[in-house]
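Structure, as structure tokens:
Note that these values count all heavy atoms, side chains included, but never hydrogens, waters or copies made by symmetry. When a ligand or atom number is given, it counts from 1 through the structure's own listing order.
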Amino acid sequence: MGPLSRDDFTVHWADHDLGEVVVSAKEIADRVNELGRRIASDYAGRPPLLVCVLKGAVNFMADLMRAIELPVEIDFMAVSSYGAATKTSGVVRIVKDLDVDLLNRDVLIVEDVVDSGLTLNYLRQYLGARNPRTLEVCALLLKEGEQRVEQSLKYVGFSIPADFVVGYGLDVNEKYRNLDAIYTFIGEV
Ligand code: IMP
Ligand code: MG
């Protein structure tokens, strides 16, 4: 049996909490491959350091890095901005920092979703202070009309409505990260 997705069958164990498919597994796979090709061409001769923002970007990172035909390096950061709720607090806490030096590196932040933009804004300043050669962002999802901070996002997978979504790394209370499509969440938080 293939990965879990409503493209193929109903996700019985999560069905009561899932609304519409916002982005299907197939759409994700196609777009990730496209992004990978663009990144490989933009960064030819200067392979980037991919910085995955845990935990939400973990599925995206795993697929994206395999779609980039360059000798990329990877590292991980963990930040906490939401706690257990579905609304941003605006307060970002570094839970796990990078292991590698960013000096003169071409750094590409790999994010799951940009909602208010507060998390990314904080990360950019935090990582920018370490003098990378370039610092860009690749976000899988951009919530339309929600940004409270101006963002220049070099790569965006999909612009989606402002509804809360789960799947493909995105969670509610740490669950549903293992769905391979993205769904609106209609359950109780
Ligand atoms: P921001 O700081 O408001 O842009 O929020 C960014 C972070 O909030 C993301 O990295 C996610 O961890 C989380 N987040 C925002 N929207 C959603 C959603 O619809 N589902 C799951 N997590 C979300
Ligand atoms: Mg989260």
Side-chain angles (χ1 to χ4, degrees), residues 4-6 11 13-25 27-28 31-32 35 50-65 74-98 107-128 135-189:
L4 306 173
S5 158
R6 271 210 184 159
V11 184
W13 56 272
D15 200 39
H16 52 287
D17 284 341
L18 304 180
E20 294 301 301
V21 174
V22 179
V23 192
S24 72
E27 288 170 318
I28 294 171
R31 186 75 180 129
V32 168
L35 290 172
L50 306 178
V51 171
C52 174
V53 185
L54 294 171
K55 303 172 191 169
V58 75
N59 306 43
F60 182 38
M61 175 75 154
D63 288 339
L64 182 68
M65 68 182 193
I74 66 168
D75 202 354
F76 297 87
M77 281 195 80
V79 301
S80 153
S81 59
Y82 267 55
T86 59
K87 281 271 174 291
T88 189
S89 62
V91 179
V92 177
R93 194 165 57 91
I94 304 291
V95 177
K96 182 221 172 292
D97 209 329
L98 297 174
V107 177
L108 184 57
I109 301 175
V110 178
E111 250 290 31
D112 53 357
V113 52
V114 178
D115 187 6
S116 71
L118 292 170
T119 306
L120 197 55
N121 192 52
Y122 181 88
L123 269 181
R124 260 195 218 267
Q125 289 174 18
Y126 187 75
L127 299 180
L135 182 60
E136 300 289 353
V137 176
C138 180
L140 178 66
L141 304 174
L142 178 67
K143 295 256 185 101
E144 287 159 3
E146 292 295 290
Q147 284 70 59
R148 285 196 261 158
V149 208
E150 193 57 45
Q151 294 290 347
S152 81
L153 305 175
K154 187 151 189 198
Y155 307 98
V156 173
F158 303 92
S159 285
I160 61 165
D163 310 314
F164 199 80
V165 294
V166 296
Y168 197 68
L170 292 143
D171 73 306
V172 62
N173 295 338
E174 297 299 326
K175 297 200 180 63
Y176 301 143
R177 297 190 195 276
N178 59 326
L179 297 167
D180 80 344
I182 294 166
Y183 302 82
T184 54
F185 176 79
I186 58 167
E188 299 280 312
V189 177

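Heavy-atom contacts of Asp171 reach the following atoms of ligand 1: 21 (C) (cutoff under 4.0 Å). Against a heavy-atom cut-off of under 4.0 Å, Val113 is close to the following atoms of ligand 1: 6 (C), 9 (C), 10 (O), 11 (C), 14 (N), 15 (C), 16 (N), 17 (C), 23 (C). The contact set between ligand 1 and Glu111, taken as ligand atoms under 4.0 Å from a residue heavy atom, comprises 10 (O). For ligand 1, the atoms closer than 4.0 angstrom to any heavy atom of Ser116 are 1 (P), 2 (O), 3 (O), 4 (O). Residue Thr119 approaches ligand 1 through these ligand atoms, each under 4.0 Å from one of its heavy atoms: 1 (P), 2 (O), 5 (O), 6 (C). For ligand 1 and Val165, the ligand atoms under 4.0 Å from any heavy atom of the residue are 18 (C), 19 (O), 20 (N), 21 (C).
Under 4.0 Å from ligand 1, the heavy atoms of Lys143 that appear belong solely to its side chain.
More than 12 heavy atoms of other residues, nucleotides or ligands lie within 6.0 Å of CD in Glu144, so this atom counts as buried by the packing criterion.
Within the 4.5 Å cutoff, no side-chain heavy atoms of Leu170 are placed close to those of Phe185. Annotation: side chain of Val110 is not in contact with side chain of Tyr155 (no heavy-atom distance under 4.5 Å).
Considering all non-hydrogen atoms of both residues, Cys138 and Leu35 come closest at SG-CD1, 4.3 Å. Ile28 and Ala181 make their closest contact through CD1-CA, 4.2 Å (heavy atoms, listed as atom of the first residue, atom of the second, distance). The two residues Thr119 and Val92 make their nearest non-hydrogen contact at CA-CG2, 3.8 Å.
A side-chain N or O of Tyr126 and one of Asp97 form a donor-acceptor pair less than 3.5 Å apart.
Val166 does not count as a contact of ligand 1, since none of its heavy atoms falls under 4.0 Å from the ligand. At least one heavy atom of Gly117 sits less than 4.0 Å from an atom of ligand 1. The shortest separation from a heavy atom of Gln147 to ligand 1 is not under 4.0 Å, leaving the residue out of contact.
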